[in-house]
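Okay, structure first, notes after.
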Amino acid sequence: MDKKMKISQSLMKDLQDYLNHEMCGLVFKARHVDHLQGNTSEAMLLGQYFEYIATGQLPKYGKKPQPRLTKNGELSEPFKKAHESALYSKAIIQALNIEVKETGSDIEFGDMKGTLDIFAYWDGKPCIIDYKYSGLLDNKWDDRGWNLDTLSEKHKLLIQAVHYKYILEQIMNQEVEFYFFLFSSTNPSDVRVVKVIVDDLTIMRHLEDVKKAKMIMETLLEDNNFKARPSLQMCSTCFLKENCPSRALLPTITTIYY
């Protein structure tokens with residue numbers, strides 16, 4: 001393994017899914033080792049378009065996200081809402097007197113890396129603002145749901161705050177605040193701001209998780225042992241399916257004992 005390889009929060013989440021048999025190892029390798037661009041779902045495209053209008057930053061594949069248009073050449077309804085939300089985000093930043101310093105900044109410290117949506121100063125304090133454009137703001141049960149009553153239990157969502165906050169605090173040698181700005185993809189006027197407070201124990205656990213992730217990655221890369229986990233449903237939409245020798249073409253048989 002390249003000793004300079006940095007661990008991102010997205011790698012950590014996908015690695016956990018792979019270890020839990022919830023992600024195919026070939027897809028994991030394609031994303032995080034070979035750096036291949038996967039399929040862009042409609043929800044992902046909406047989020048990319050929203051962030052491009054809101055911050056001016058391009059997606060990782062480096063091209064301006066193209067919105068869906070009607071036959072008359074106008075924005076389709078979902079993209080019209082995304083555009084309205086993005087413009088609203090700019091108005092909110094201005095109304096709250098947030099001084100934006102940078103957008104799309106890459107940050108690194110030790111074995112960790114990340115990319116910030118916004119680095120700013122709010123009331124004179126340095127802060128990270130991460131935009132989320134989602135149709136799941138009220139969802140309690142989905143791992144991607146942002147319902148505020150259950151948000152503190154959603155590790156996959158909050159790991160980003162821990163990861164980014166720690167990196168930037170080490171770089172700046174001072175406390176940095178972290179905020180999620182949540183925008184509803186169904187209602188442009190529905191915006192929620194969440195400040196994430198991270199305690200010392202959570203930081204310690206996260207640093208241990210980063211060490212474990214790097215050790216596991218070293219082993220996987222040394223052995224080149226990324227296991228395919230084909231399923232008919234997942235393989236049918238996988239961006240690797242055309243040339244994948246492990247692709248599932250038929251449903252698997254599951255045996256149960258009663």
Side-chain angles (χ1 to χ4, degrees), residues 1-45 47-48 58-63 65 104 106-116 130 132 136 142-145 154-164 166-167 202 204-256:
M1 177 180 181
D2 182 357
K3 298 300 182 182
K4 296 181 180 179
M5 181 178 184
K6 307 293 184 179
I7 304 298
S8 67
Q9 55 91 24
S10 60
L11 182 149
M12 293 179 71
K13 290 188 287 190
D14 283 352
L15 180 59
Q16 191 61 53
D17 284 346
Y18 170 59
L19 296 176
N20 289 339
H21 291 210
E22 296 171 358
M23 174 180 280
C24 175
L26 303 184
V27 173
F28 176 83
K29 180 177 182 292
R31 286 183 184 175
H32 298 288
V33 180
D34 303 325
H35 306 294
L36 299 179
Q37 175 65 33
N39 297 331
T40 301
S41 67
E42 192 73 4
M44 290 171 61
L45 183 58
Q48 291 168 358
L58 297 173
K60 290 183 179 180
Y61 53 82
K63 296 180 181 179
D106 292 324
I107 56 173
E108 293 185 1
F109 181 81
D111 290 328
M112 305 163 66
K113 71 175 182 178
T115 302
L116 310 181
D130 196 85
K132 299 298 181 188
L136 301 173
D142 195 296
D143 285 345
R144 301 162 297 165
K154 303 286 183 68
H155 176 67
K156 281 189 177 181
L157 298 181
L158 298 182
I159 185 177
Q160 185 177 14
V162 183
H163 199 80
Y164 289 5
Y166 177 80
I167 295 174
T202 299
M204 290 175 59
R205 287 174 176 167
H206 183 69
L207 294 180
E208 285 299 315
D209 289 342
V210 171
K211 289 180 182 178
K212 291 177 183 176
K214 185 149 190 178
M215 290 173 59
I216 293 169
M217 286 299 297
E218 287 174 348
T219 301
L220 289 172
L221 287 170
E222 183 177 349
D223 299 338
N224 194 25
N225 190 25
F226 295 90
K227 296 181 179 179
R229 298 204 172 99
S231 74
L232 192 62
Q233 180 181 5
M234 293 177 63
C235 291
S236 65
T237 58
C238 180
F239 68 103
L240 301 174
K241 66 181 181 181
E242 296 302 328
N243 300 304
C244 181
S246 301
R247 177 185 176 185
L249 299 174
L250 296 170
T252 56
I253 299 173
T254 301
T255 302
I256 62 172

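Everything quoted here is computed from the prediction, not taken from an experiment.
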Q | Side chain Lys154, main chain Gly145, donor-acceptor under 3.5 Å | A | yes

Q. With side chains defined as the heavy atoms from C-beta onward, is the minimum distance between Val33 and Leu220 less than 4.5 Å?
A. no

Q) What distance do Asp14 atom CG and Leu19 atom CG have between them, rounded to the nearest 0.5 Å? A) 11.0 Å

Q. Should the pair Tyr166 and Phe109 be assigned to parallel (<30°), tilted (30 to 60°) or perpendicular (>60°) ring geometry?
A. perpendicular

**Q.** Minimum heavy-atom distance Ile7-Ala213, with the two atoms named
**A.** CG2-CB, 4.3 Å

Q. Side-chain contact, heavy-atom cut-off 4.5 Å: Met12 with His206?
A. yes

Q.
Between Asp209 and Ile159, is there a side-chain heavy-atom distance shorter than 4.5 Å?
A. no

Q | Over 12 foreign heavy atoms within 6.0 Å of CD, Gln233 | A | no

Q. Is it true that a side-chain atom of Lys241 and a backbone atom of Ala248 form a donor plus acceptor pair closer than 3.5 Å?
A. no

Q | Value rounded to 0.5 Å, distance of CG in Asp106 from OG in Ser8 | A | 11.0 Å

(Q) Taking the side chain as everything from C-beta on, heavy atoms only, tell me whether Leu11 gets closer than 4.5 Å to Met217. (A) yes

Q: Write down the atom of Tyr164, the atom of Gln9, and the distance for their closest heavy-atom approach.
A: OH-NE2, 3.7 Å

Q: Look up atom NZ in Lys156 and atom CG in Asp143, then write down how far apart they are to the nearest 0.5 Å.
A: 5.0 Å

(Q) Please report the interatomic distance CG(Asn224) to OG1(Thr219), rounded to the nearest 0.5 Å. (A) 13.0 Å

Q.
Would you say that Lys29 contacts Asp34 through its side chain, given a criterion of any heavy-atom pair below 4.5 Å between the two side chains?
A. yes

Q. Would you say Arg229 and Val27 make side-chain contact, with heavy atoms under 4.5 Å?
A. no

Q) Any side-chain heavy-atom pair from Gln48 and Tyr61 closer than 4.5 angstrom? A) yes

Q) When rounded to the nearest 0.5 angstrom, what distance separates SG in Cys235 from CG in Leu250? A) 11.5 Å

Q) For atom CE of Met44, is the number of surrounding heavy atoms from other residues, nucleotides or ligands below 6.0 Å larger than 12? A) yes

Q: Of all the heavy-atom pairs spanning Phe239 and Ala30, show the shortest one and how long it is.
A: CZ-CB, 3.8 Å

**Q.** Side chain to side chain, Val162 and Arg205, heavy atoms closer than 4.5 Å
**A.** no

Q. Hey, which of Gln160, Arg31, His32 is the one that makes side chain to side chain contact (heavy atoms under 4.5 Å, CB included) with Ser10?
A. His32

Q. CG of Asp142 to CG of Leu136: how many Å apart, nearest 0.5 Å?
A. 5.5 Å

Q.
For Val210, is there any backbone N or O sitting under 3.5 Å from a side-chain donor or acceptor partner on His163?
A. no

